[in-house]
Amino acid sequence: MKSDLTLINIREEILSENKELADQLRVRLRERQVYLVNLMSAPGSGKTSLILRTVAALREAFRIAVIEGDVDSAVDAERVAAEEIPAVQIKTGGSCHLTAAMVEKGLAALPLDSLDLLFLENIGNLICPVGSDTGANLNVALVSIPEGDDKPLKYPKIFKTSDAFVVNKTDVQAYFDFDLEAFRSRVRRLNRDAPIFEVSCKTGEGLDVWSAWLAERVRTEFRVAATQPDGLAGR
Amino acid sequence: MHELPVTRSILGIVLKHAESNGVERVHTIDLSIGALSDLESEWLQDYFDHLSRGTVAEGAKLRVQRSSLKFRCEACAQEFTAAREELAGALCPGCGSRDAAVVGGTGYRVESMEAE
């Protein structure tokens, strides 16, 4: 009878399977020259509104589609489809974030060869989506003025790992105690480099700066991809 | 509930290594979790107890090693650690600057397990 305990070294990242699939998706998307933006926020911050505004600003420049993640409704996908933007709905059936496997299913339902830019609206939640790589080129976290300027202190991981931040609903700033300077300095404690955009999806303020920045990111990515030996040059 | 997919991943890693090492029972599992993680040890264990039923990892105890919050001072480049509560306030012990940013702290992995 064995009774000796053995120590087995493992040293393996948790959720590494999801990460591997996400890396594969990034390669596939780059081959098709599709730029994927993962948009994360709490419920009600304005993810769908930001997507609609951004698409309106960029639809002349890029062919755009949206993957809508939702726990169990099609409300957002219907809003997007009403603007005649190609939209795919992923219902997670109770799960609180999108996994790379779910995104893969969404991609399969889209004509990738005739797209340049793809928005992924994640489940409204500042915790769960963070650890689950979606295969996106750009991770954007959205915060709105009524939520308060303390979010970087309460949910530091999303602020540490995102590539850009958008503060929405600046039109109602006078009614709330959101201190933009305090917010910026709290974000900077976690993330030195990611730009912070202030917008109002209601009035349109600030959306030109955000949209222009995003367009430049997409173009830069395509230029870089076109110079890679395995990229699709001469698009 | 975000602990659930994480726990499922932990169990998958543990069972894979249990099989390749031919172990009959897993006793303890050591995890290291970054300072910025929101994972609660108690929930991890509860989910693990539930998910591992009927496997060689049933009854195994999770031991969580949490790293402390690590900063790098932008003014003098010194690295220092602080408690999670000090996220907004920690000053550089070298030069007193508040201009410091968190380094790392987002990873989590299964380090090892004790088994027979």
Side-chain angles (χ1 to χ4, degrees), chain A residues 1-20 71 92 94-102 123 125-133 139 149-162 179 182-194, chain B residues 1-14 16-18 20-40 44 69 71-72 74 82 84-90 98-116:
Chain A
M1 184 181 152
K2 286 200 292 182
S3 64
D4 288 342
L5 281 185
T6 339
L7 180 72
I8 299 167
N9 278 316
I10 295 175
R11 298 207 177 90
E12 208 169 300
E13 290 295 316
I14 295 167
L15 295 178
S16 54
E17 283 180 9
N18 182 75
K19 175 77 167 65
E20 281 162 24
V71 173
T92 65
S95 176
C96 47
H97 63 280
L98 293 174
T99 62
M102 293 177 195
I123 308 298
N125 171 341
L126 291 173
I127 301 174
C128 310
V130 183
S132 183
D133 192 338
N139 289 297
D149 53 30
D150 58 355
K151 291 297 161 289
L153 302 178
K154 297 183 75 171
Y155 306 98
K157 201 170 170 182
I158 192 167
F159 290 92
K160 177 70 184 164
T161 56
S162 294
D179 180 339
F183 177 79
R184 282 177 177 276
S185 92
R186 286 165 180 167
V187 172
R188 287 290 167 256
R189 293 285 277 185
L190 292 153
N191 195 323
R192 305 293 302 179
D193 305 319
Chain B
M1 74 179 286
H2 55 290
E3 281 86 356
L4 185 56
V6 170
T7 313
R8 203 173 275 134
S9 175
I10 293 169
L11 180 64
I13 292 167
V14 165
K16 185 179 73 184
H17 285 266
S20 63
N21 285 278
V23 308
E24 290 172 5
R25 183 136 309 277
V26 179
H27 288 260
T28 55
I29 299 157
D30 283 293
L31 310 171
S32 63
I33 293 183
L36 296 180
S37 166
D38 298 295
L39 298 170
E40 289 296 332
L44 284 176
L69 203 54
F71 287 89
R72 186 177 185 280
E74 294 297 319
R84 163 83 184 254
E85 298 69 40
E86 295 289 304
L87 181 58
R98 184 184 281 275
D99 190 17
V102 172
V103 183
T106 58
Y108 38 39
R109 63 181 194 171
V110 182
E111 293 291 348
S112 61
M113 64 186 187
E114 284 180 341
E116 63 179 295

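It should be emphasised that the depicted structure is a prediction, and the values quoted were computed from it without experimental measurement. Below, read A as the first sequence line, B as the second, and so on, with proteins coming before strands; counting in each chain starts at 1.
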Within this structure, what is the OG1-NE2 distance for the pair Thr6(A) and His27(B), rounded to the nearest 0.5 Å?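 Atom-to-atom, Thr6(A):OG1 and His27(B):NE2 are 9.0 Å apart.
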> For the side chain of Lys160(A) and the backbone of Thr106(B), is there at least one donor-acceptor N/O pair under 3.5 Å apart?
Replying inline: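 Flag not set: sc Lys160(A) to bb Thr106(B) has no pair under 3.5 Å.
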Applying side chain to side chain donor-acceptor pair (under 3.5 Å), can you list everything that pairs with Glu111(B), at least two apart in sequence or on another chain?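 Residues passing side chain to side chain donor-acceptor pair (under 3.5 Å) with Glu111(B): Ser32(B), Arg109(B).
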Winner by heavy-atom pair count (cut-off under 4.5 Å) against chain A, out of [options]:
options: Arg8(B), Arg25(B), Lys16(B); result: Lys16(B)
options: His17(B), Glu114(B), Arg98(B), Glu85(B); result: His17(B)
options: Gly34(B), Gly104(B), Gly105(B), Ala35(B); result: Gly104(B)

Please determine whether a side-chain nitrogen of the Lys or Arg among Asp149(A) and Arg186(A) lies less than 4.0 Å from a carboxylate oxygen of the Asp or Glu.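 Yes, this pair counts.
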Salt bridge flag under 4.0 Å for residues Glu74(B) and Arg192(A):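 A salt bridge links Glu74(B) with Arg192(A).
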*With Ser37(B) via side-chain contact (heavy atoms from CB on, under 4.5 Å) - residues at least two apart*: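 By the side-chain contact (heavy atoms from CB on, under 4.5 Å) rule, Ser37(B) matches Ile33(B), Leu39(B), Tyr108(B).
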field: Segment of Val26(B) engaging chain A (4.5 angstrom heavy-atom cut-off)
entry: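 For Val26(B), there is no contact with chain A at all, as no heavy atom is under 4.5 Å.
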Where does [X] contact chain B at under 4.5 Å (heavy atoms): side chain, backbone, both or neither?
X: Arg189(A); value: both
X: Glu12(A); value: both
X: Pro152(A); value: backbone

Checklist entry - With chain B, which of Thr161(A), Leu153(A), Asn191(A), Thr99(A) has the greatest number of heavy-atom pairs at distances under 4.5 Å? => result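 So the answer, after comparing Thr161(A), Leu153(A), Asn191(A), Thr99(A), is Leu153(A).
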Select, from Leu15(A), Leu7(A), Asn125(A), the one with the greatest count of heavy-atom pairs under 4.5 Å involving chain B.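 Looking at each of Leu15(A), Leu7(A), Asn125(A) in turn, Leu15(A) comes out on top.
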Using every non-hydrogen atom in the two residues, find where Ala18(B) and Met113(B) come nearest and quote the distance to one decimal.
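Smallest interatomic distance, heavy atoms only, reads N-CE, 3.5 Å.
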